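In the text below, chain A, chain B and the rest are named by the order of the sequence lines, each starting its count at 1. These numbers come from a predicted model, not from an experiment.
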Number of protein chains: 2
Amino acid sequence: MSTRWLDAEELATWVRLVAVTELLPSTLDQQLRRDASLTHFEYLVLAMLSEDPGHTLQMSALAQRTNATLPRLSHVVRRLEDRGFVDRTRNSTDARATNAHLTEAGLAHLVDSAPGHVEIVREKIFDVLTPEQVTQLGAITTALLDALDPEGRMTGHTIGSHRPSSKE
Amino acid sequence: MSTRWLDAEELATWVRLVAVTELLPSTLDQQLRRDASLTHFEYLVLAMLSEDPGHTLQMSALAQRTNATLPRLSHVVRRLEDRGFVDRTRNSTDARATNAHLTEAGLAHLVDSAPGHVEIVREKIFDVLTPEQVTQLGAITTALLDALDPEGRMTGHTIGSHRPSSKE
DNA sequence: GACCAAAGGTTGTCAGGTCAACAAACGGGC
DNA sequence: GCCCGTTTGTTGACCTGACAACCTTTGGTC
């Protein structure tokens, strides 16, 4: 079967999409590293833990919510534990599982750094898009995620997730 | 000034956008590493070189087109040179500059791997979006790039670039 | 109740990226 | 025509992420 190449509009869009996926993460990382000594991914880990009522999630659940592989998460949580932001305990009902828990210090650090983070997200994303574009982007990202992660293994949208949460 | 938090729709969109910027690169990397022993970024370097008539670009120009920092590019080009896909020569008119040049072997490797790459781009992106969504995404990414890279330092849209090219 | 495949995590190793320091060449001002 | 700030690029040290190997526990199945 012969290759279906991209037409001009698709190509231009693709080039810019690649640029965005390259520049957005580094922009977020820079701001957070400078202002909060956190990677964007580390921030995400703390944020997801903070949304759980008990500030505790099993490693595999946390991996889903942060779109991470388990090895990656394991390394990051160990570092966060070294800094006192998280602690790990064995799950009592399933001895294989590990519970990651946000400490007071971790929560405090998250609360401190959230405003600066939200500010840059506004500035770089939502302030430059019209409300219609935000809605469009919502639909587009939903479609893309379905393709990129069909079973919702990472984003967990098969188990009734996607609930809006108190803050990012 | 108090923080302007994200509303529910913005938050949901943001979470998915982050997921896409996390999953898309790893998806591309996996496919290219498996089928072509190339990083997506390495592929991009070869592709950008292939679009120049002389298959040659100055390092700084190449860095712009690939949204990369110069140190990063320098390391990658050295590795590509070790594999025989690229060679580097001093620019004759400006002795500070380095010209990166795509070799025959490099071009051949690129041509071999292009169909597989385009295929996954279609499958994960354009096949799951409607034509209207592609147009919308084009406008959205343009707005985002203006915010993420105002001077167009990376993407070079101040110097009349953005020309559609023969292939990605 | 003993196996045995699968689930859940951790660890080690290696490759790739970032950042800061450095070197060399250009170019404008005087 | 000399200086000095800028541009251009490379290098090395450090850090993070990916991948594979491994270990333990669980939950059938026989």
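- In the set C/dC19, D/dT11, D/dT8, the nucleotide with an atom closest to the side chain of A/Q30 is C/dC19.
- Taking the nucleotide of DNA chain D with the nearest heavy atom to each of A/H75 and B/T98, the more 5' of the two is matched to B/T98.
- For A/D94, the side-chain atoms get nearest to D/dT25 when compared with the rest of C/dG9, C/dT11, D/dT25.
- In terms of modelled atom types and a separation under 3.5 Å, the side chain of A/R122 and the main chain of A/D127 share no donor-acceptor contact.
- Dashed line: the shortest gap from a side-chain N or O of A/S74 to OP1 or OP2 of C/dG9 is not under 4.0 Å.
- Ring geometry for B/Y43 versus B/H117: interplanar angle of 30 to 60°, hence tilted.
- The CD-P distance, from B/Q58 to D/dT8, rounds to 7 Å in whole Å.
- As judged by a 4.0 angstrom heavy-atom cut-off over every strand, B/R88 is placed among residues touching the sugar-phosphate backbone only.
- Atom CG of A/N99 and atom C1' of C/dG8 are 12 Å apart (whole Å).
- Residues B/R78 and B/S26 each lie close to DNA chain D; by heavy-atom proximity, the contact nearer the 5' end of the strand is made by B/R78.
- The distance from atom CG of B/L32 to atom P of C/dA15 is 19 Å, rounded to the nearest whole Å.
- By the 4.0 Å N-to-carboxylate-O rule, B/E10 lies too far from B/R4 to be salt-bridged with it.
- With distances taken from any side-chain atom of B/E42 to the nucleotides C/dG16, C/dT18, C/dG8, the minimum falls on C/dG16.
- Protein atom CZ of B/R90 is 8 Å distant from nucleotide atom C1' of C/dA24, rounded to whole Å.
- Minimum atom distance to the side chain of A/A95 is reached by D/dT26, of the listed D/dT26, D/dT11, D/dT8.
- By the 6.0 Å contact criterion, CZ on A/R33 is open, its count of non-hydrogen atoms from other residues, nucleotides or ligands being 12 or less.
- Just one of A/N99, A/L70, A/N91 meets the side chain to side chain contact (heavy atoms under 4.5 Å, CB included) condition when paired with A/M59; it is A/L70.
- When the C1' atom of C/dT18 is taken as reference, atom CZ of A/R33 falls 8 Å away, rounded to whole Å.
- Rounding to whole angstrom units, CD of residue A/Q31 and P of C/dT18 are separated by 17 Å.
- You'll find a donor-acceptor pair under 3.5 Å spanning the side chain of B/R96 and the base of D/dT7, going by distance alone.
- Atom CE in B/M59 sits roughly 15 Å away from atom C1' in D/dT7 (whole-Å rounding).
- Regarding contacts with the backbone of D/dC19, every side-chain N or O of A/R72 stays at 4.0 angstrom or more from both OP1 and OP2.
- Relative to the side chain of A/L70, the nucleotides C/dG16, D/dG17, C/dG8 differ in distance, and C/dG8 lies closest.
- Rounding to whole angstrom units, CG of residue B/L44 and C1' of C/dG16 are separated by 16 Å.
- Within 6.0 Å of CZ in B/R78 there are more than 12 heavy atoms belonging to other residues, nucleotides or ligands.
- The side chain of B/S60 contributes an N or O atom lying less than 4.0 Å from OP1 or OP2 of D/dG9.
- The listed nucleotides are D/dG9, C/dG16, D/dA18; the one nearest the side chain of B/R79 is C/dG16.
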